[in-house]
2 protein chains.
Amino acid sequence: MESTTAVSKVLRNAYGASPEMRAKVRRTIDELGYRPLAAARGLRGQTYTIGVMLPDIRNPFFPEILDGITGRLADTDYQVFLGPGGCNDEKAEARVTEAMIDRGMDGIVLIAPVSSRARLEHIATAVPTVVVGRHGHSSVYDTVTDDDVAGAAVLVGHLTGLGHRRIAHIEHHETDPTRIEEMPNAQRADGYRRAMRAHGLAEEIDVVSTSYTQQGGYEGARQLLARPNRPTAVFAGADIVAMGVLEAFAEAGVSVPDDISVAGYDNTTFASFGPISLTSVDQSGHEIGANAARLLVERIADRLKSPVQIKLSPTLVPRRTTARPPA
Amino acid sequence: MESTTAVSKVLRNAYGASPEMRAKVRRTIDELGYRPLAAARGLRGQTYTIGVMLPDIRNPFFPEILDGITGRLADTDYQVFLGPGGCNDEKAEARVTEAMIDRGMDGIVLIAPVSSRARLEHIATAVPTVVVGRHGHSSVYDTVTDDDVAGAAVLVGHLTGLGHRRIAHIEHHETDPTRIEEMPNAQRADGYRRAMRAHGLAEEIDVVSTSYTQQGGYEGARQLLARPNRPTAVFAGADIVAMGVLEAFAEAGVSVPDDISVAGYDNTTFASFGPISLTSVDQSGHEIGANAARLLVERIADRLKSPVQIKLSPTLVPRRTTARPPA
DNA sequence: CTGAAAGCGCTAACAG
DNA sequence: CTGTTAGCGCTTTCAG
């Protein structure tokens, strides 16, 4: 007769069950359509559940990361659940992460969290954690990021290569000092400044601070249009920002790229959409996700292993919104 | 001394605890930073977790529904988690729903599921369920849908009102007989046919069967362009399909709306984006989500209550891709 | 290699 | 109104 212990062992591929016993149990499980209750398993062992916090469902870049994560985890027993983490809202972020911890999740992936460093470490102490999209090391969690400085540089290089000099940048306004170091938006702005200087264009540096939203792009573009000496190219910190820029330019009768070139960052589906065809920087979200999942599984296996930082290289995707500046 | 029972009662706002006791317990909970383990609660009572299955993260219509759900649940103790349910993949859908049941979720919302009727009823038998976006009644689950027939009619009315007669429709090809009755795509195609007949345009009915993807829209548009007698307006079954249509038309040098008018369905952010400005039908996703959440909470409270079907009315959002047909 | 027994953190019945 | 006592379904000792 199969005991509950035997079933448990088979389920967990644990040591101490004969091949015959395994087969027999497997057969019976299939016949009865038995499914172990993950919540109960969690009380003693694992829940086989991994939580992914997405700050903004609407951002078309995140699905790429998610695909990378689920793809990497597809062959395992882990199930991924997404926590909707209210855009740029620390409170909402805290609520979701607490909820994940309360549900006994085995590990969590935080995508571009806005919480303080201290909170991230607090979370990582409670449960194995991988942070995506925040620069800056930690002794308790692993990180996977895109090299935003390099991405900004390659984009500025593309524009100068086309002959642009007056290249403006629209950034997401950041006040918090630690976040200035860790957030991708700040890194992109920094990369832009460095690249401009490297090309001898320090005098032309022109940064507009709004936010990484379509509205932010729209407002930023309006400000740039009001300049006595308009830029010939605009580097928007994210594709969604570029969308707002394109909208403002269309409204103002500014032709892209004939009058002004526009480039984004993230290579979202928006950017690749034919009629828009936005030049952008691709972060290879799929790889980011796959790496995050791998690191998380490793950390679940060994919570004390020393943290890893992975930095991936973005690539430029030139399209039809960038061209030579008007003669 | 507070007993575990007292704490449990306070946590659940249950009957049988004096105000003083409540206050005292609350204070101690705060001091100790105690958090109840949801998994353990679930073993006896509820997990305070609600699962939402999204078939496709990338579809910009779904976030609206999600906002409606989370908004309605924000003031409750329920926490929402999303299950990523591989686009149009019954296997993936089954895996996610099983996972939700295994985790002891208190209720689940299925958004536009593709699973068979039998499977939906099976799920609903195991856990309180609300199905969004599938027409057709059930005795075990509630449904919330948009009136797709009415939506198609209002759109066809808009086009005939502009003077169009040759109005083509691009639909998502459906073979399964039950799904033909239940899926929104089939309802929209049906609504289109009926509306055309109602306007005395039975002879002009022209349906292209591809899929609700950008690629499907692109291919459908190519087919329509190859017609000896091109339509003057195209009703794409979904905004994402309209995107593909616009791309094909742009490529072929067909001007929208001067040569051909184009309309979509769903009123996604894509459609509202200025430079695109696609005429579309708004499903009020927020309301759909809010209603789904309400029904689910009610069903969790009383699993035997008789099922409710809510059908919401869509509204037309006319924009710049539709105009009078060329003279 | 197998199975009986204890207990994970909570809630539900019950007795005080 | 309070506290004690049994489990929820699993995993994990620990004897056999």
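Below, read A as the first sequence line, B as the second, and so on, with proteins coming before strands; counting in each chain starts at 1.
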Asp77(A) CG to dT11(D) C1', in whole Å, measures 15 Å
Figure out the CG/C1' separation between Leu37(B) and dG7(C), and round it to whole Å. 15 Å
Whole-Å distance between dT11(C) C1' and Tyr48(B) OH? 9 Å
For the pair made of CZ in Arg41(A) and P in dT12(D), what is the distance, rounded to whole Å? 10 Å
Is it the case that more than 12 heavy atoms not belonging to Glu298(B) sit under 6.0 Å from its CD atom? yes
So which nucleotide from dG9(D), dC10(C), dT11(D) ends up closest to the side chain of Arg44(A)? dT11(D)
Give, for atom CZ of Arg299(A) and atom OG of Ser306(A), the distance between the pair rounded to the nearest 0.5 Å. 7.5 Å
State which of dC10(C), dG9(C), dC10(D) makes the closest approach to the side chain of Leu43(B). dG9(C)
Which atom names give the shortest non-hydrogen contact between Thr125(A) and Glu121(A), and what distance separates them? OG1-O, 2.6 Å
Expressed as a whole number of angstroms, how long is the span from Gln46(A):CD to dT12(D):C1'? 14 Å
Side-chain donor-acceptor contact under 3.5 Å, Gln79(B) with Thr49(B): no
